Trainee: 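Structure in structure tokens, see below.
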Amino acid sequence: MENDLNKAQEKAILTTEGPVLIVAGAGSGKTRVLAHRISHLVERGVRPEAILAITFTNKAAGEMKSRISNLLKHGKENLRHEMPDSAIFGRALPWVGTFHSLSVSILRETGSAIGINKHFTILDEDDALSLIKEALADLALDPKQFQPTRLRSIISRKKNELVTLEQFKTEALEYFPKILARVWAAYEEKTQKSKALDFDDLLLKTVELFSKEPRVLEMYQERWRYVHVDEYQDTNLVQYHLTKLLAQKYGNICAVGDIDQAIYSWRGADFRNIMHFERDWPNTVLITLEENYRSTQLILNAANAVIVKNKFRVPKNLFSQKKSGSKISVFEAINEEEEGDFIAGLVNYLHEKEKIPLTEMAVLYRTNFQSRIIEEKMIATGIPYQVIGVKFYERKEIKDTLSYLRSALNPEDLIALKRAISMPPRGIGKALIIKMLAGGNLSEKENKKIEDFKKLLEAVKKDAEEKPASEVLKNLIKRSGLEDYFDNGTDEGEMRLANIAELASLAKRYDAKKAPEGILTLLEEAALMSDQDTVKDENSVKLMTVHAAKGLEFKAVFIAGLEDGLFPHHASMEEEKELRDEEERRLFYVALTRAKEKVYLSYAVFRTIFGSRQVNRPSNFLFDIPDELIEKAPEKIITLE
DNA sequence: TGATCCAGTTTTTTT
DNA sequence: AACTGGATCA
């Protein structure tokens, strides 16, 4: 065992049998502990394939995998480093991934037992919303009266609460629930017709599979005898059941989490799952990691002072060996412009004068719209930056391109078909699509148009089954007419074309896979990509929401927009105000604990929202931090001599 | 069918 | 202030 582990960490690594709950404070080295624990299991003779680890993002999964394989390669107790790489990589690694990717692989493997098509496609939020809109249109309901996003989010919440459509129907007695039940039913029908599953279905169907087919469940229980779940405080009811089912037989479950960092309740996550762990799993060994290896003690003091105000928590006090450190800077800006100038100016200063690499700095904010002005100021100052949150795979032109692949490989995916057929425009409009799907009589002209499109899809399919992924895409871009369509001389067209070209080059990552696995993997990863998975490993400052920053760390962290109403956010706070208030505070706690050395807080007195100017008071969170930990940021923006 | 224009809405966080 | 969706017209 390495000697630079503390007592608690060591215990977490060595307690391999039975239920273990690791309460891991921010920056307490939990990723490291998990990786060591897993490699320790392997060193004790457990087959790697018998270990399962569920992470919050694909990025975290990737890091976990590489840490584990490094540990196995360089482990002290064995002399593997003298073995060729192939001896290490030739052997299987533990299965590491997110709940969603785990569900996908289970459903592809054994989902047919409950009637799931092996080649189902995954609906992203956009696709799901389109189906809701279609459903509304079919039912002749007014989308203004019944907002599609609202209906979609209620359906999603119900699914996460394990409420089935049938159950909901019987409970729906009043006007609105009855309408909702009809929309839900229509949505469900459309999803099934396309052989598709939405994000919630992925998890839900896996639980259904396990409940209805005990033998399938048992197979997975036998396969994964050691189950690990990270970020357990942010699991929802379905994920909770999934975990429980998988680990039930052998009881080797290791959950890692921190109530203070629970920030996804609005998405159905329930931190009571972690609070009830010891009740669910008798004889749980509880381990608390309180030593923080990330931040200075001063930053932790501030963070502790903030979080201690929460009622729903288990007391915990983070401490660090890094005793000295800079105070937390607070800057009052007159408006968001000045705030942006302050941030960009200081990033520049820290980079040039204090030699802090740009990759070690991040600007965090509560809501995405705040990124625009900061982005502008970064451009004006000439600082390389990356905004996390504008997802590459969600861009229209990328979705259009991918829809050809989806449609070619799964002809029943109507959502993709409709997308592909109308982009670029080829004289096939709404009316003709309906006629075609209904099998009506077509004129010669119409028939030709449709036959041409079918031939195109067949060519794409043939490509996908024979050629490397990047080549499939290159051909597709030409043959579909997308290239000609976007090559129209406008800046926008140029940008979209560049994005599509980028997609083809990204696809090279999958070229090594045998066709059509490469394309299939590309489609799958595109659908399950998280914000963090898009973080580029380049020399740039990262701009992102606090949610997106979960699990990350930086030397210097800017937290912008600390205004009452914005952070804490007051929108739709009327229900369960106290709970939401506490979640906002946890969010601020997460933001503070991302920082290793420096924290800069800022707020604007005037802020323009919806094109109108608002006057804001500073956030109450600012007053939760003891005065002696705070200093005023310089009035004038630091200029370089 | 598809481009263009106008009105109305949006911004909480996302796998 | 920007983006969307719907209506209108070629």
Side-chain angles (χ1 to χ4, degrees), chain A residues 54-61 97-104 122-126 128-130 133 137 142-144 147-149 152-153 156 159-160 197-204 231 234-236 238-239 262-269 336 364-373 376 388-389 391 393-394 396 421-433 435 445-446 449 485 488 524-534 544-550 561 565-573 580 583-584 586-588 590-591 607-614:
Chain A
I54 302 171
T55 56
F56 199 69
T57 63
N58 293 307
K59 187 178 179 232
T98 64
F99 271 108
H100 287 85
S101 54
L102 173 68
S103 300
V104 169
I122 303 165
L123 296 186
D124 64 18
E125 221 28 62
D126 228 39
L129 208 56
S130 309
K133 285 175 189 165
D142 180 8
K144 282 191 186 115
Q147 294 161 352
T149 46
R152 165 71 196 137
S153 85
S156 174
K159 285 186 175 184
N160 282 320
L197 299 175
D198 67 22
F199 288 140
D200 308 316
D201 291 336
L202 294 176
L203 308 174
L204 213 50
E231 306 283 8
D234 278 324
T235 51
N236 65 28
V238 189
Q239 293 166 337
I263 55 174
Y264 280 97
S265 76
W266 50 274
R267 195 169 91 180
E336 70 272 16
L364 311 183
Y365 33 79
R366 177 67 241 265
T367 64
N368 272 309
F369 84 93
Q370 291 168 259
S371 68
R372 182 175 300 154
I373 184 76
E376 269 175 35
I388 315 297
K391 279 189 223 152
Y393 287 106
E394 278 172 18
K396 194 177 170 300
I421 212 166
S422 42
M423 199 61 191
R426 45 169 64 80
I428 306 176
K430 234 183 183 170
L432 186 50
I433 294 175
K435 210 154 98 180
K445 247 188 179 166
E446 289 172 334
K449 283 192 258 186
Y485 180 75
N488 57 6
E524 203 154 292
E525 292 191 2
L528 296 179
M529 184 78 62
S530 78
D531 268 343
Q532 273 192 20
D533 301 324
T534 66
M544 68 188 100
T545 63
V546 182
H547 281 93
K550 177 173 177 168
L566 186 60
F567 197 4
H569 203 276
H570 282 342
S572 63
M573 256 249 225
R580 295 180 140 277
E583 182 145 314
E584 292 292 315
R586 289 194 292 269
L587 207 45
F588 185 53
V590 167
R607 184 177 293 273
T608 307
I609 298 177
F610 297 151
S612 70
R613 199 172 73 156
Q614 275 188 7

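Because the structure is predicted, anything quoted here is derived from the model rather than measured. We name chains A, B, ... by the order of the sequence lines, and we start the count at 1 in each one.
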Trainee: Do A:Asn58 and A:Met529 touch side chain to side chain, with heavy atoms closer than 4.5 Å?
Mentor: no
Trainee: Distances under 3.5 Å between protein N/O atoms and the N/O atoms of nucleotides 13-15 of chain B, please, pair by pair.
Mentor:
unit_1, atom_1, unit_2, atom_2, d
B:dT13, OP1, A:Asn368, N, 2.8
B:dT13, OP1, A:Asn368, ND2, 3.1
B:dT13, O4', A:Arg366, NH2, 3.3
B:dT13, O2, A:Trp266, NE1, 3.0
B:dT13, O2, A:Arg366, NH2, 2.7
B:dT14, OP1, A:Asp531, OD2, 3.2
B:dT14, OP1, A:Thr545, OG1, 3.1
B:dT14, OP2, A:Asn368, ND2, 3.4
B:dT15, OP1, A:Asp531, N, 2.7
B:dT15, OP2, A:Lys391, NZ, 2.3
B:dT15, O2, A:His100, NE2, 3.2
B:dT15, O4, A:Glu125, OE1, 3.1

Trainee: Partners of A:Glu583 by side-chain contact (heavy atoms from CB on, under 4.5 Å), sequence neighbours excluded?
Mentor: A:Ser265, A:Trp266, A:Arg586
Trainee: How does protein reach along nucleotides 1-10 of chain C, written 5' to 3' as B (base within reach of a heavy atom under 4.0 Å), S (only sugar-phosphate), or - (no contact)?
Mentor: BS--S-----
Trainee: Taking atom C1' in both B:dT11 and C:dG6, compute the distance separating them and give it to the nearest angstrom.
Mentor: 22 Å
Trainee: Using side-chain contact (heavy atoms from CB on, under 4.5 Å) as the criterion, list what pairs up with A:Gln239, not counting sequence neighbours.
Mentor: A:Phe99, A:His100, A:Leu203, A:Thr235, A:Asn236
Trainee: Return the minimal non-hydrogen interatomic distance between A:Leu528 and A:Val104, and the atom names on each side.
Mentor: CD1-CG2, 3.9 Å
Trainee: Round to a whole Å and report the spacing from NZ of A:Lys445 to C1' of B:dT1.
Mentor: 12 Å
Trainee: When you compare B:dT13 with C:dT4, how far apart are their P atoms, in angstrom units rounded to a whole number?
Mentor: 15 Å
Trainee: When you check the gap from the basic side-chain N to the acidic O, do A:Asp200 and A:Arg152 get nearer than 4.0 Å?
Mentor: yes
Trainee: Please list, chain by chain and in numerical order, all residues satisfying side-chain contact (heavy atoms from CB on, under 4.5 Å) with A:Arg372, sequence neighbours excluded.
Mentor: A:Glu376
Trainee: Within this structure, what is the CD-NE2 distance for the pair A:Glu584 and A:His569, rounded to the nearest 0.5 Å?
Mentor: 7.5 Å
Trainee: Atom pairs, N/O to N/O, protein against nucleotides 2-6 of chain B, distance under 3.5 Å?
Mentor:
unit_1, atom_1, unit_2, atom_2, d
B:dG2, OP1, A:Arg426, N, 3.3
B:dG2, OP1, A:Gly427, N, 2.5

Trainee: At their closest point, which heavy atom of A:Tyr485 faces which heavy atom of A:Met423, and how far apart are they?
Mentor: CE2-CE, 3.0 Å
Trainee: The test is side-chain hydrogen bond (donor to acceptor under 3.5 Å, both in side chains); show your working for A:Ser371 and A:Asn368 and say whether it passes.
Mentor: CA-CA 6 Å; A:Ser371 68; A:Asn368 272 309; 5.4 Å; no
Trainee: Does the A:Gln532 side chain pair with the main chain of A:Ala548, one donor and one acceptor, at a distance under 3.5 Å?
Mentor: yes
